[in-house]
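Please read the structure below before turning to the comments.
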Amino acid sequence: MAIGLHQPILDWYAANARDLPWRRPEASPWAILVSEIMLQQTPVVRVLPIWEEWMARWPTPEALAAEPPGEAVRHWGRLGYPRRALNLHACARAITADHGGEVPSAYEELRRLPGIGDYTAAAVASFAFGRSHAVLDTNVRRVLARAVRGEEYPPTATTAAERRLAESLIPAVDAPRWAVAVMELGALVCTARGPRCADCPVAARCAWRLAGRPAYEGPERRGQTYAGTDRQCRGRLLAVLRDAHGPVPKAALDAVWDDPVQRERALDGLVADGLAEPLPGGTYRLPA
DNA sequence: GAAACGTGGGG
DNA sequence: TCCCCAAGTTT
């Protein structure tokens with residue numbers, strides 16, 4: 001079906017790949033795992049400085065495991081979705097306790113670690129250990145939707161058909177390089193908005209382009225709400241805890257969000273998620 | 001399967 | 001300005 005995509009994309013990647021630190025030969029499996037979690041729903045440019053700091057501070061799972069979880073949250077900064085910091089900390093402890101301090105190489109074992117789903121397990125197994133897996137992230141799904149299926153966007157949720165297609169395209173040799181090449185094409189050329197078909201190595205055989213780039217016809221793609229939501233409130237509250245260096249009086253939290261009902265709900269949520277810790281006396285801090 | 005979960009930059 | 005969306009996972 002999609003014969004002929006491989007070589008042009010691999011050649012394009014050889015000439016256009018970004019020099020990202022977690023792609024360098026000296027990057028450890030731990031460094032790659034950390035990058036993959038940080039990159040979930042987060043642009044590369046924002047991840048870069050935080051990743052550098054984490055690698056300098058915690059070069060091994062053991063180093064991070066020795067810290068309280070709150071330190072991971074503190075040094076997560078404003079990357080977003082801070083439960084990922086907790087997940088990474090829990091990964092470090094599990095790897096230290098159950099895997100001799102070495103990131104497991106098998107997909108199934110990676111998949112059992114907190115915050116590691118289908119994509120991340122496949123990515124780490126591929127990029128850190130050279131295993132052959134279908135690496136289905138939003139970039140790959142979009143490239144395949146366009147180039148093969150002829151549609152502007154992939155379905156809302158990953159389908160079995162997409163997985164079958166991705167698996168059918170895995171080359172016998174150097175599957176990880178193919179995976180990262182397709183991802184990179186999606187990230188730099190075959191973007192969600194304003195795809196640069198003039199720069200695309202497979203434009204001549206892209207089903208979507210050959211069909212005249214028809215507009216997306218699937219179900220409405222729901223936007224993410226944020227302003228005024230619990231999510232925004234949680235972010236405000238956590239920022240206060242992160243930027244403090246000891247227990248924070250409740251009043252300091254009350255000061256950053258007006259609606260008391262929503263504020264209490266958000267704070268309870270942070271505590272329930274393990275991102276905040278109530279102390280006797282009515283103060284709060286990052287989890288120790 | 002839908003909804004929750006942060007944040008900031010580009011079009 | 002406002003909207004979209006960025007290497008997803010969990011409940």
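A, B, ... follow the sequence lines: proteins, then strands. Residue 1 opens every chain.
The base of C:dG8 has none of its N or O atoms less than 3.5 Å from a complementary donor or acceptor on the side chain of A:T138. Checked by distance alone, A:R46 brings a side-chain donor or acceptor within 3.5 Å of a matching partner on the base of B:dT7. Remark: the A:Q40 side chain and the C:dG8 base include no donor-acceptor N/O pair separated by less than 3.5 Å. Evaluation of atom-type donor-acceptor distances gives a pair under 3.5 Å for the side chain of A:R193 against the base of C:dC4.
Among the heavy atoms of the strands, none lies under 4.0 Å from A:L238. A:R142 comes within contact range of the sugar-phosphate backbone alone, with a heavy-atom separation under 4.0 Å but no base atom that close. At the heavy-atom level, A:S35 lies nowhere under 4.0 Å from the strands shown. Among the protein residues, A:G80 comes within range of the nucleic acid bases, having at least one heavy atom under 4.0 Å from a base atom.
Rounded to whole Å, the distance from CZ on A:R231 to C1' on B:dC5 is 5 Å. If you take CZ of A:R111 and P of C:dG8, they are 15 Å apart, rounded to a whole angstrom. Summarising the geometry, the separation between CH2 on A:W76 and P on B:dG8 is reported as 14 Å, rounded to the nearest angstrom. Going from atom CG of A:L88 over to atom P of C:dG8 covers 15 Å, rounded to whole Å. In this structure, OH of A:Y81 is placed 13 Å from P of C:dA7, rounded to the nearest angstrom. Atom P of nucleotide C:dC5 and atom OH of A:Y216 are separated by 10 Å, given to the nearest angstrom. The CZ atom of A:R163 sits 14 Å away from the P atom of C:dG8 (whole-angstrom rounding). Atom-to-atom, OH of A:Y13 to C1' of C:dA7 comes out at 12 Å; the value is rounded to the nearest Å.
Taking the six-membered ring for Trp and the full ring otherwise, the centers of A:H6 and A:W178 sit less than 6.0 Å from each other.
Remark: A:T120 is not in phosphate contact with C:dG8, judged by side-chain N or O atoms under 4.0 Å from OP1 or OP2. The shortest distance between the side-chain N/O atoms of A:R78 and the OP1/OP2 oxygens of B:dG6 is not below 4.0 Å. Between A:Y153 and C:dC5 there is a side-chain polar atom (N or O) within less than 4.0 angstrom of OP1 or OP2. Neither OP1 nor OP2 of C:dA6 sits under 4.0 Å from any side-chain N or O of A:Q41. When the side-chain nitrogen and oxygen atoms of A:T156 are compared with OP1 and OP2 of B:dG1, none of them lie within a distance under 4.0 Å. Between A:R234 and B:dG6 there is a side-chain N or O to OP1 or OP2 distance below 4.0 Å.
The nucleotide whose nearest atom lies closest to any side-chain atom of A:E184 is, among C:dA7, C:dC5, B:dG6, C:dA7.
Put simply, the side chain of A:H89 gets close to the backbone of A:E67: a donor and an acceptor are under 3.5 Å apart.
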